[in-house]
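None of these values were measured; they are calculated from a predicted model.
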Amino acid sequence: QVQLVESGGGLVQPGGSLRLSCEASGFTFRRYDIAWYRQAAGEEREFISWISYDGASTKIADSVKGRFTLSRDNAKNTVYLQMNSLKSEDTAVYYCRVVIGVMAYWGQGTQVTVSS
């Protein structure tokens, strides 16, 4: 079955960096675009970034543009979200998502906390 597993979250000070990973299984990873979202406590889930199936195209939300970058390694079935210059407002649970046909699949999320 389709599985997405996020990892790499944790506690980081403002201005610090983290790299999140989204490892996929159960489908032909190299054929599908992958997106990242985040959800802060008490708020709606927010789109962060998207990468095309071949890694040739990316989209980054304005709220993180210039600080976050997205890449993928199709040989490892993994997408990476590099987060730099982190701010307290980046604190959230981060999720990756794939849409296959009419179904959207989500990972379980990884917590990122930015605090001094």
Side-chain angles (χ1 to χ4, degrees):
Q1 70 276 24
V2 174
Q3 272 198 311
L4 299 171
V5 179
E6 302 93 337
S7 62
L11 174 64
V12 63
Q13 292 187 344
S17 297
L18 283 174
R19 188 177 79 158
L20 305 185
S21 299
C22 170
E23 185 171 359
S25 60
F27 64 101
T28 307
F29 179 77
R30 66 181 184 277
R31 294 182 179 174
Y32 292 92
D33 307 341
I34 302 291
W36 281 92
Y37 288 72
R38 68 184 181 188
Q39 188 167 20
E43 299 188 14
E44 293 189 355
R45 199 165 291 192
E46 172 193 17
F47 168 80
I48 292 299
S49 61
W50 165 93
I51 188 165
S52 62
Y53 67 97
D54 58 358
S57 300
T58 60
K59 294 179 183 177
I60 305 290
D62 287 345
S63 58
V64 301
K65 195 168 290 183
R67 300 188 296 121
F68 290 14
T69 57
L70 199 57
S71 62
R72 67 190 293 162
D73 184 342
N74 283 347
K76 295 183 178 179
N77 283 6
T78 302
V79 171
Y80 303 100
L81 181 65
Q82 178 67 43
M83 308 187 298
N84 299 327
S85 302
L86 284 162
K87 306 175 182 179
S88 58
E89 51 262 45
D90 295 318
T91 295
V93 179
Y94 285 70
Y95 300 89
C96 57
R97 187 200 75 172
V98 64
V99 176
I100 301 174
V102 298
M103 291 292 297
Y105 298 87
W106 298 85
Q108 83 290 347
T110 186
Q111 176 71 47
V112 171
T113 302
V114 184
S115 175
S116 56

Taking all non-hydrogen atoms of both residues into account, name the closest pair between [X] and [Y] and its distance.
X	Y	value
G101	V99	O-CG1, 3.6 Å
V112	G9	CG2-CA, 4.1 Å
A92	Q111	O-NE2, 3.4 Å
E6	C96	OE2-N, 2.9 Å
Q108	L4	OE1-O, 3.6 Å

[atom1]/[X] to [atom2]/[Y] distance, rounded to the nearest 0.5 angstrom?
X	Y	atom1	atom2	result
T58	I34	OG1	CD1	14.0 Å
D33	D54	CG	CG	8.5 Å
R72	Y53	CZ	OH	10.0 Å
I60	F47	CD1	CZ	7.0 Å

With sequence neighbours excluded, tell me which residues meet side-chain contact (heavy atoms from CB on, under 4.5 Å) with T28.
->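 If we apply the side-chain contact (heavy atoms from CB on, under 4.5 Å) test to T28, skipping adjacent residues, the hits are R30, R31.
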In chain order, what residues pass the side-chain contact (heavy atoms from CB on, under 4.5 Å) check against S85, with sequence neighbours excluded?
->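 With sequence neighbours excluded, S85 shows a side-chain contact (heavy atoms from CB on, under 4.5 Å) to R67, given in chain and number order.
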Please collect all ring pair (Phe, Tyr, Trp, His ring centres under 6.0 Å) contacts where either partner lies in residues 2-23, sequence neighbours excluded, each pair once.
->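 Matches after skipping sequence neighbours: none remain.
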If you look only at pairs with a residue in residues 95-116, which of them pass as a ring pair (Phe, Tyr, Trp, His ring centres under 6.0 Å), with sequence neighbours excluded?
->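 For residues 95-116: Y37-W106.
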Atom pairs and distances, side-chain donor-acceptor, residues 14-25, under 3.5 Å, sequence neighbours left out:
unit_1 : atom_1 : unit_2 : atom_2 : d
S17    : OG     : N84    : OD1    : 2.9

Are [X] and [Y] in one and the same hydrophobic cluster, where Ile, Leu, Val, Met, Phe, Trp and Tyr link if side-chain heavy atoms are under 4.5 Å apart?
X	Y	result
Y80	V64	no
W36	V12	yes
I48	V5	no
L70	Y32	yes

Test item: V79 and F29 side chains (from C-beta on) under 4.5 Å apart, heavy atoms =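 A side-chain contact under 4.5 Å exists here.
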Decide yes or no on salt bridge (Lys or Arg N to Asp or Glu O under 4.0 Å) for K87 and D90, but give the supporting numbers first.
-> CA-CA 5 Å; K87 306 175 182 179; D90 295 318; over 6 Å; no
Hey, is the main chain of V114 close enough, under 3.5 Å, to the side chain of T91 for a donor-acceptor pair?
->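 Yes; at least one donor-acceptor contact below 3.5 Å.
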Do any pairs count as a salt bridge (charged side-chain N to carboxylate O under 4.0 Å, His left out) and have a residue in residues 44-53, sequence neighbours left out, and if so which ones?
->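 Only R38-E46 qualify under salt bridge (charged side-chain N to carboxylate O under 4.0 Å, His left out).
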